[in-house]
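What follows is a single structure, written as structure tokens, with notes after it.
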Number of protein chains: 2
Amino acid sequence: MPFDQILRGECVETMRALPGGQVDCIFADPPYNLQLRGELRRPDESIVDGVDDSWDKFADYETYDRFTRDWLTEARRLLHKDGTIWVIGSYHNVFRLGAIMQDLGFWILNDIVWRKANPMPNFRGRRFTNAHETLIWAARGPASKYRFNYQAMKALNDDVQMRSDWYLPLCTGNERLKNAHGLKLHPTQKPESLLHRVLVASTQPEDLVLDPFCGSGTTPAMAKRLGRRFVAIERHPDYIAAAQERVDREVRLPDEQLAITPAKREAPRVPFGSFVERGALPAGTTLFDRQRRLRATVTPDGTLVSGAQRGSIHKLGAQLTNAPSCNGWTFWHFERDGVLTPIDILRTEADPLRAAG
Amino acid sequence: MPFDQILRGECVETMRALPGGQVDCIFADPPYNLQLRGELRRPDESIVDGVDDSWDKFADYETYDRFTRDWLTEARRLLHKDGTIWVIGSYHNVFRLGAIMQDLGFWILNDIVWRKANPMPNFRGRRFTNAHETLIWAARGPASKYRFNYQAMKALNDDVQMRSDWYLPLCTGNERLKNAHGLKLHPTQKPESLLHRVLVASTQPEDLVLDPFCGSGTTPAMAKRLGRRFVAIERHPDYIAAAQERVDREVRLPDEQLAITPAKREAPRVPFGSFVERGALPAGTTLFDRQRRLRATVTPDGTLVSGAQRGSIHKLGAQLTNAPSCNGWTFWHFERDGVLTPIDILRTEADPLRAAG
DNA sequence: CTTTCCTATGAATCTTCTG
DNA sequence: CCAGAAGATTCATAGGAAA
């Protein structure tokens, strides 16, 4: 695998030469097929309303669909079974992208709306201002154990769940790459903030990120900055040169700045019994629910007893509340300095990383 | 054409019996094919009342596509050559909808994002909160001379172009139809504010609006209120009965309140029109100045009328007081609980998410 | 009557590890 | 692969009860 390189070549062909199942995350910003729009502007379709015209149209859409199916098929082959893919598009192409992704077996996780802070107005006043683009986020398949850094996204959003609508400015100013004439180098350069959120949400440091339509290099640049590895594909030498220069200028953040809010799911599991053994909650200790309406006694093997009922902290909590399940760590409390404290505090004190979220 | 009726029957079959080319606007809220698997519980163990109705179940994508192609084909036949169609969906189905619409010859004008003010959270923390739905707005074909009330939309948005992302609350509270047990009558009742914006944007009084999936009747009810004619199709007798009752209760606004006009002013942060849409100050509401010496009536696009004069809240206030300018937010008052209250209170009470995103 | 608290609920593709 | 157990997880509103 050619790590941290921008490969020159056609997207499908170049992907075919790479080994399968090794990519953790793909970000793809495919072309919108401008040819399609030109074809469809041919005069007076509505008057004819006929077969000839629909044949024309069908051929055009079919060409775009074939291209889309080809690159998405290769992308899916390269993707690790637990990897995810992001594809961005507008109403011109995103519906075809999404339908083909579903047909190929991708499992859509979210459609994300990038709300542009500063979109181009509609000059003719004939439509609503097209103020957003759509990203499709999908796993390789329905059974994928994909990565989603939930707590990091929540932290990024003032401690409320991140929604599917993202409000971000366009790429402008110094961030926008210019050519020798001072004009924008690439017509659709994506803002770094967009890639930042995408990569922080769905990858971790050292993950391999693939961008089959590299363009001005926002994906590899942000991957490098965030400590992710990348493979990028681009066919235009001018874009490759500019993107390579951009990546070279980029500095990887120090490790301690790459750490995100940890997920409790990924914290090491600590058996409740270990706190019994260590004497933090010795056998015989009484535990309560939050309202002090239920109580149970700790036994030497780390199970709880309450009357005739016995079980793990989770099982007994579920039993006593007639619930299908229960997180015993947050359900049960013990008395410390006269205050009822969740037993989860013991895990937090043993491993402060757990406190997050 | 059976004007202003809710027809009982299967959607495709019933459409086949109608004459073609006479419908000005279609609003369609087809089944989403959600593919929900198990039951879902909130963190407090309560069960989420998901959509498990048989009408939303399809064997596979192919079956759903066939159904979609069938009803969209008939919809296109019924549509006037200059008519437009709105179709709403989520990521489960909207990509298939959009691709099939393009294949059938519809010409997409915008994809509109309905950003939900109060979406259901993601309870397991495994995805982004699914906080929006997508509407596709399309003309019958590329050459259609479709209707778009640009100035009305601009007026509704405080004289700034209306964008493709709309922030509107879910249908809750008194607006939500209940069955005999006090439970929601229909699992997916759409808010009136959504239909208000759709109909004011793309139709004019006396236009014929078709809804092939009538459900709880939001489309015919809002069509009647706004002076549009309708044909609605629904197969479930319970929904028909409730929708018919709802339409019968609805009152058509007087003609002078239905007229929409252009306006020119700069943009405060929160559009006055959004409060009209959401029903906080519905069209027809009377506003007063602080001394109750002047009065004006709210119209559907958020302008005010007073006798022969019409304008935005700011403009009309200035006109009536012969002042060069006027802050309509503090000038105009409405009666709430018998007390004259400045309309500015609505902005104060409004949700901060609207502006910040 | 006002303020505060509690409960209900919405188009939802909603877990992961060990044995 | 399956069964079973561990254990992680919610935001904006509306409405009613309680203070």
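Note on naming: letters A, B, ... go to the chains in the order of the sequence lines (proteins, then strands), and numbering restarts at 1 for each one. Note that the structure is a prediction, hence the values are computed from the model and not measured. Worth knowing before you read on, the calculation uses all heavy atoms, side chains too, and leaves out hydrogens, waters and symmetry mates.
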Starting at [atom1] of [X] and ending at [atom2] of [N], how long is that distance when rounded to a whole Å?
X	N	atom1	atom2	value
A:Tyr150	D:dG7	OH	C1'	15 Å
B:Glu45	D:dG7	CD	C1'	11 Å
B:Arg124	C:dA12	CZ	P	15 Å
A:Asp159	D:dA12	CG	P	12 Å
A:Lys264	C:dT15	NZ	C1'	15 Å
B:Arg176	C:dG10	CZ	P	6 Å
B:Arg41	C:dC14	CZ	P	15 Å
B:Asp44	C:dC14	CG	P	18 Å

Inset, instruction - State the dot-bracket string of DNA chain D. Criteria: Watson-Crick or G-U wobble, both atom distances under 3.5 angstrom; notation: ( ) intrastrand, [ ] crossing earlier pairs, | interstrand, . unpaired. - result: .|||||....|||||||||
Just to confirm, is there a sub-4.0 Å distance from OP1 or OP2 of [N] to any side-chain nitrogen or oxygen of [X]?
X	N	value
B:Lys184	C:dT9	no
A:Gln151	D:dT9	yes
B:Asn33	C:dT13	no
A:Asn327	D:dA8	yes
A:His314	D:dG7	yes

Proximity to the side chain of [X] - top-ranked nucleotide from [options]:
X	options	result
B:Pro121	D:dG15, C:dA11, D:dT10	D:dT10
B:Trp55	C:dA11, D:dA5, C:dT13	C:dA11
B:Thr172	C:dG10, D:dA14, C:dT13	D:dA14
A:Gln102	D:dT9, C:dT13, C:dA11	C:dT13
B:Asn174	D:dG7, D:dG15, C:dG10	D:dG15

Legend entry - Residue mapping more 5' on DNA chain C - nearest nucleotide basis, B:Gln35 or B:Asn118: B:Asn118
Inset, instruction - Report the residue (B:Pro30 or B:Arg37) whose heavy-atom-nearest nucleotide on DNA chain C is the more 5′ of the two. - result: B:Pro30
Inset, instruction - Kindly indicate, with the supporting measurements, whether the criterion side chain to side chain donor-acceptor pair (under 3.5 Å) is fulfilled by A:Arg295 and A:Thr286. - result: CA-CA 7 Å; A:Arg295 56 176 60 200; A:Thr286 302; 5.4 Å; no
Legend entry - For B:Ser216 against B:Leu177, the heavy-atom pair lying closest together: O-CD1, 3.6 Å
Legend entry - Heavy-atom pair of closest approach, residues B:Glu192 and B:Glu175: N-OE2, 2.7 Å
Inset, instruction - Kindly say whether, by distance alone, the side chain of B:Lys190 makes a donor-acceptor pair under 3.5 Å with the base of C:dA11? - result: yes
Legend entry - C:dG10 base / B:Arg42 side chain donor-acceptor hit below 3.5 Å: yes
May I ask you to check whether [X] and [Y] show a side-chain donor-acceptor distance below 3.5 Å?
X	Y	answer
A:Asp165	A:His132	no
B:Asn122	B:Arg124	no
A:Ser312	A:His314	no

Inset, instruction - Compute the centroid of each ring, for A:Tyr146 and then for A:Trp137, and state whether the two points are separated by less than 6.0 Å. - result: yes
Inset, instruction - Report yes if the distance between the aromatic ring centroids of A:Trp114 and A:Trp166 is under 6.0 Å, otherwise no. - result: no
Between protein and nucleotides 16-18 of chain C, what N or O pairs are separated by less than 3.5 Å?
residue : atom : partner  : partner atom : Å
C:dT16  : OP1  : B:Arg126 : NE           : 3.3
C:dT16  : OP1  : B:Arg126 : NH2          : 3.0

Do [X] and [Y] touch side chain to side chain, with heavy atoms closer than 4.5 Å?
X	Y	answer
A:Ile108	B:Phe95	yes
A:Val87	A:Met101	yes
A:Phe148	A:Leu109	no
A:Val298	A:Leu304	yes

Inset, instruction - Any chance you could lay out the salt bridge (charged side-chain N to carboxylate O under 4.0 Å, His left out) test for B:Lys184 and B:Asp49, step after step, and finish with the verdict? - result: CA-CA 10 Å; B:Lys184 60 185 174 189; B:Asp49 182 17; 3.5 Å; yes
Legend entry - Within residues 46-53 of chain B: residues closer than 4.0 Å to DNA chain C (heavy atoms): B:Val48, B:Asp49, B:Gly50, B:Val51
Legend entry - C:dT13 base stacked by A:Trp107 (centroids within less than 5.5 Å, tilt under 30°): yes
Inset, instruction - Could you check if the base of C:dT13 is syn or anti? Syn means the glycosidic torsion is within 90 degrees of 0. - result: syn
